[in-house]
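These numbers were taken from a predicted model, which means no experiment stands behind them.
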Amino acid sequence: MGRLVVLAGPTAVGKGTLLKALLERHPEVWVSVSATTRPARPGERDGEDYHFVSDERFDALVSDDGLLEWATVHGKHRYGTPRQPVLDAVAAGRPAVLEIDLDGVRQVRTTMPEAHFVFVAPPSWEELVRRLEGRGTESEAERERRLTTARQEMAAINEFDEVVVNDDLDAALERLEGIVLEAR
Ligand code: 5GP
């Protein structure tokens, strides 16, 4: 069985960048592609970044028990992890990674307590705000919404097995590598 790592952490902390770098170094790592009702951003590709689905399709995934976990994130759109691909990857012995929100983490902790839970933290709150503003992809209202969620996430840091502070990208990547590939 492959190791299942569940990654969470506030908006703009650099989870996406870390995961991308991890995959470049270790193509054998399997990363879950979530389903979401959020519209695609420019440059995002269906089936790669997310499975972009309608509300009706998301409802069907939920009622068919096709999701390992799902949540409404930032009080707006629904996001969920397709169940079968995770089970297949783990059964095939691949290290598998989910990147999900705190609600989702709590659900996976109940259904798959053997998973490994990792929180990616910013060096400081100020730095997080700076990164979110620097990214420039969200409106002011959207940024506020994301920072509200981030405050709640930071308060739950003790629920995780491991905390990776994303200060220096290379150092954070090395920590994550150690965690994801440890079971081999
Ligand atoms: P974004 O809209 O910026 O792509 O994603 C917002 C947040 O949604 C991410 O930071 C992540 O925590 C959460 N998210 C993405 N996919 C999933 C999922 O499948 N399940 C849950 N619970 N949260 C997700």
Colleague: Could you check if a side-chain atom of Glu162 sits within less than 4.5 angstrom of a side-chain atom of His116, using non-hydrogen atoms only?
Modeller: yes

Colleague: Please report the closest heavy-atom contact between Pro27 and Glu24, naming both atoms and the distance.
Modeller: CD-O, 4.1 Å

Colleague: Same cluster or not: Leu169 versus Val118, using hydrophobic residues (I, L, V, M, F, W, Y) connected whenever any side-chain heavy atoms lie under 4.5 Å apart?
Modeller: yes

Colleague: Leu173 and Arg25: side chain to side chain contact (heavy atoms under 4.5 Å, CB included), yes or no, with the steps?
Modeller: CA-CA 10 Å; Leu173 179 59; Arg25 280 201 199 172; 3.5 Å; yes

Colleague: Looking only at atom types and distance, does a side-chain atom of Lys15 sit under 3.5 Å from a main-chain N or O of Val120, one as donor and one as acceptor?
Modeller: no

Colleague: Let me confirm one number: the CD-CD distance from Glu140 to Glu133, rounded to the nearest 0.5 Å.
Modeller: 7.5 Å

Colleague: Which heavy atom in Ile100 sits nearest to a heavy atom in Glu69, and how many Å separate them?
Modeller: CG2-OE2, 3.5 Å

Colleague: According to the ring-ring contact (aromatic ring centres under 6.0 Å, His included) rule, which pairs have a member within residues 59-90, sequence neighbours left out?
Modeller: Tyr50-Tyr79, Phe58-Trp70

Colleague: Are Val62 and Phe52 connected in the hydrophobic side-chain network, where two residues link if heavy atoms are under 4.5 Å apart?
Modeller: no

Colleague: Which heavy atom of Val13 sits nearest to which heavy atom of Ala121, and what is that distance?
Modeller: CG2-C, 3.4 Å

Colleague: When you look at Glu138 and Glu144, which way does the side chain to side chain contact (heavy atoms under 4.5 Å, CB included) test go after all the steps?
Modeller: CA-CA 9 Å; Glu138 287 85 15; Glu144 278 309 312; over 6 Å; no

Colleague: Test of understanding: with salt bridge (Lys or Arg N to Asp or Glu O under 4.0 Å), list the residues that count as partners of Glu159, not counting sequence neighbours.
Modeller: Arg106

Colleague: Where is the tightest heavy-atom contact between Val29 and Arg94, given as atom of each residue plus distance?
Modeller: O-NH2, 3.6 Å

Colleague: Knowing that exactly one of Val86, Thr81, Leu87 qualifies, which makes a side-chain contact (heavy atoms from CB on, under 4.5 Å) with Arg83?
Modeller: Leu87

Colleague: Output yes when a side-chain donor or acceptor of Arg175 lies under 3.5 Å from a complementary backbone atom of Val163, and no otherwise.
Modeller: yes

Colleague: Which one of Leu61, Leu67, Val73, Asp59 satisfies the side-chain contact (heavy atoms from CB on, under 4.5 Å) criterion with Arg78?
Modeller: Asp59

Colleague: Nearest 0.5 Å, what's the CZ-CG distance between Phe117 and Leu102?
Modeller: 11.0 Å

Colleague: Please evaluate residues Leu4 and Glu114 with respect to the criterion side chain to side chain contact (heavy atoms under 4.5 Å, CB included), reporting the C-alpha separation (whole Å), side-chain torsions for both, the decisive distance (0.1 Å), and the verdict.
Modeller: CA-CA 8 Å; Leu4 179 62; Glu114 70 281 13; 5.9 Å; no

Colleague: Met112 and Val31: same hydrophobic cluster, using ILVMFWY side-chain contacts below 4.5 Å?
Modeller: yes

Colleague: Check Leu7, Val5, Val6 against Leu98 for a side-chain contact (heavy atoms from CB on, under 4.5 Å) and give me the one that passes.
Modeller: Val6

Colleague: When rounded to the nearest 0.5 angstrom, what is the spacing between OG1 in Thr149 and CG in Asp101?
Modeller: 8.0 Å

Colleague: Indicate yes or no for a side-chain donor-acceptor contact from Glu44 to the backbone of Arg41 under 3.5 Å, with no hydrogens or angles considered.
Modeller: yes

Colleague: If I take atom CG from residue Leu128 and atom CZ from residue Arg146, how far apart are they, to the nearest 0.5 angstrom?
Modeller: 11.5 Å

Colleague: Looking at Asp49 and Gly43, what are the two nearest heavy atoms and their distance?
Modeller: OD2-O, 4.2 Å

Colleague: Give a yes or no answer on whether the side chain of Arg3 reaches the backbone of Leu181 with a donor-acceptor pair at less than 3.5 Å.
Modeller: no

Colleague: At what distance, to the nearest 0.5 angstrom, does CZ of Phe119 lie from CG of Asn158?
Modeller: 10.0 Å

Colleague: Please indicate whether Arg45 has more than 12 foreign heavy atoms, meaning atoms of other residues, nucleotides or ligands, lying under 6.0 Å from its CZ.
Modeller: no

Colleague: Would you indicate whether the side-chain heavy atoms of Val97 and Trp30 approach each other to under 4.5 Å?
Modeller: no

Colleague: Taking atom CG of Leu132 and atom CD of Glu142, what is their separation to the nearest 0.5 Å?
Modeller: 9.0 Å

Colleague: What pair of heavy atoms forms the shortest contact from Thr37 to Ser54, and how long is it?
Modeller: CG2-O, 4.1 Å

Colleague: When you look at Gln152 and Thr148, which way does the side chain to side chain contact (heavy atoms under 4.5 Å, CB included) test go after all the steps?
Modeller: CA-CA 7 Å; Gln152 295 160 359; Thr148 301; 4.2 Å; yes

Colleague: Flag the pair Glu126 and Arg130 as a salt bridge only when some basic side-chain nitrogen lies within less than 4.0 angstrom of an acidic carboxylate oxygen.
Modeller: no

